[in-house]
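Below: one structure, written as structure tokens.
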Amino acid sequence: MIVECSFSSAPSQGESWSERWGGPDKGLICSWLRGIEKAKESPELAGQASRGELPSLPWVGGGKAIKAGKRVGALHYLAMWQGLRGDDLNIDLVAGATRTCTLTGMAVTFTGDASAIWKAAGEPGGIE
């Protein structure tokens, strides 16, 4: 399933937790909308994302490079990052995505598989 939203016609967030996080998009729209808000609050952070950097965000995915040169990140990070950049939301829940940070060269594979994220957290130099 592909979750898509247009930046030019961003929807409002649902009123309840279950509306925001329990729907078919699994909360990605909520994370994307928070990225749009965060871009207004922190233009510097938005600039980093716009340059292709993967800065530290509340979700697992970006930040400083690790020795392995690659990491696993959450699709919610990718959604928030797209919002920071002012991009339309476009995430494939099944295929995920890979992005390489233009600042550190670190490759991040984004997934909705929580077990893959937890497994990576247990590896040396994993999630920091």
Side-chain angles (χ1 to χ4, degrees):
M1 175 182 163
I2 296 177
V3 178
E4 296 176 298
C5 280
S6 172
F7 187 81
S8 62
S9 59
S12 61
Q13 294 189 42
E15 294 295 319
S16 71
W17 184 93
S18 61
E19 288 175 330
R20 285 179 277 171
W21 297 97
D25 69 295
K26 301 182 189 294
L28 291 176
I29 293 173
C30 188
S31 294
W32 176 68
L33 290 171
R34 180 62 187 126
I36 293 170
E37 292 172 357
K38 191 75 176 159
K40 294 173 188 169
E41 297 166 8
S42 179
E44 181 181 334
L45 189 63
Q48 290 173 328
S50 292
R51 291 189 298 272
E53 297 175 24
L54 300 172
S56 290
L57 296 175
W59 298 101
V60 174
K64 61 183 180 178
I66 58 177
K67 289 180 185 178
K70 60 182 180 177
R71 75 167 23 138
V72 176
L75 288 178
H76 288 88
Y77 178 100
L78 184 58
M80 185 178 236
W81 184 77
Q82 288 179 355
L84 270 172
R85 291 170 50 92
D87 291 344
D88 291 346
L89 177 65
N90 187 325
I91 295 178
D92 187 326
L93 293 175
V94 177
T98 299
R99 299 286 182 273
T100 300
C101 179
T102 58
L103 180 66
T104 66
M106 181 179 60
V108 181
T109 300
F110 295 99
T111 179
D113 181 357
S115 64
I117 295 169
W118 282 109
K119 182 180 177 196
E123 295 174 358
I127 299 169
E128 296 180 352

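Below, all heavy atoms of this structure are taken into account, side chains as well, without hydrogens, waters or symmetry copies. Sequence positions, counted from 1, serve as the residue numbers for this chain.
Between the CD1 atom of Ile91 and the CG atom of Leu28 there is a distance of 5.0 Å, given to the nearest 0.5 Å. Here the CG-OG1 distance, from Leu78 to Thr111, works out to 11.0 Å after rounding to the nearest 0.5 Å. Distance CD/Gln48 to CG/Leu103: 8.0 Å, rounded to 0.5 Å. Note that CG of Leu54 and OG1 of Thr102 are 7.5 Å apart. Values are rounded to the nearest 0.5 Å. To the nearest 0.5 Å, the span separating CD on Glu4 from CG on Asp25 amounts to 12.5 Å.
Scanning all heavy atoms of the two residues, the minimum distance from Leu89 to Ala79 falls at CD1-CB, 3.8 Å. Here the closest heavy-atom approach between residue Gly61 and residue Phe110 is recorded as CA-CE2, 4.0 Å. A pairwise comparison of heavy atoms in Trp32 and Ser6 identifies CH2-O, 3.5 Å as the closest pair. The heavy-atom pair separating Leu93 from Lys26 by the smallest distance is CD1-CE, 4.3 Å. In plain terms, the two heavy atoms of Gly105 and Thr100 that are nearest each other are O-CG2, 3.5 Å. In this structure, Met80 and Pro58 approach most closely via the heavy-atom pair SD-CD, 3.7 Å.
The shortest side-chain heavy-atom distance between Ser31 and Tyr77 does not fall under the 4.5 Å cut-off. The closest side-chain heavy-atom distance from Thr104 to Lys64 is not below 4.5 Å.
Residue-environment remark: CD (Glu44) stays at or below the threshold of 12 foreign heavy atoms within 6.0 Å.
Checking side-chain atoms of Trp81 against main-chain N and O of Glu53 turns up a donor-acceptor pair under 3.5 Å. The closest donor-acceptor contact from the side chain of Gln82 to the backbone of Asn90 lies under 3.5 Å. Side chain of Ser50 to backbone of Ala46: a donor-acceptor contact under 3.5 angstrom is found. Of the possible donor and acceptor atoms, none in the side chain of Trp17 sits under 3.5 Å from a partner among the backbone N and O of Gly22.
Both Ile29 and Met1 are part of a single hydrophobic cluster, where members link through side-chain heavy atoms under 4.5 Å apart.
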* Please lay out, stage by stage, how Leu45 and Leu57 fare under the test side-chain contact (heavy atoms from CB on, under 4.5 Å). => CA-CA 9 Å; Leu45 189 63; Leu57 296 175; 3.9 Å; yes
* Could you go through the side-chain contact (heavy atoms from CB on, under 4.5 Å) check for Lys70 and Val108 one step at a time? => CA-CA 6 Å; Lys70 60 182 180 177; Val108 181; over 6 Å; no
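The residues Lys40 and Glu37 are annotated as not salt-bridged, no charged nitrogen and carboxylate oxygen being separated by less than 4.0 angstrom.
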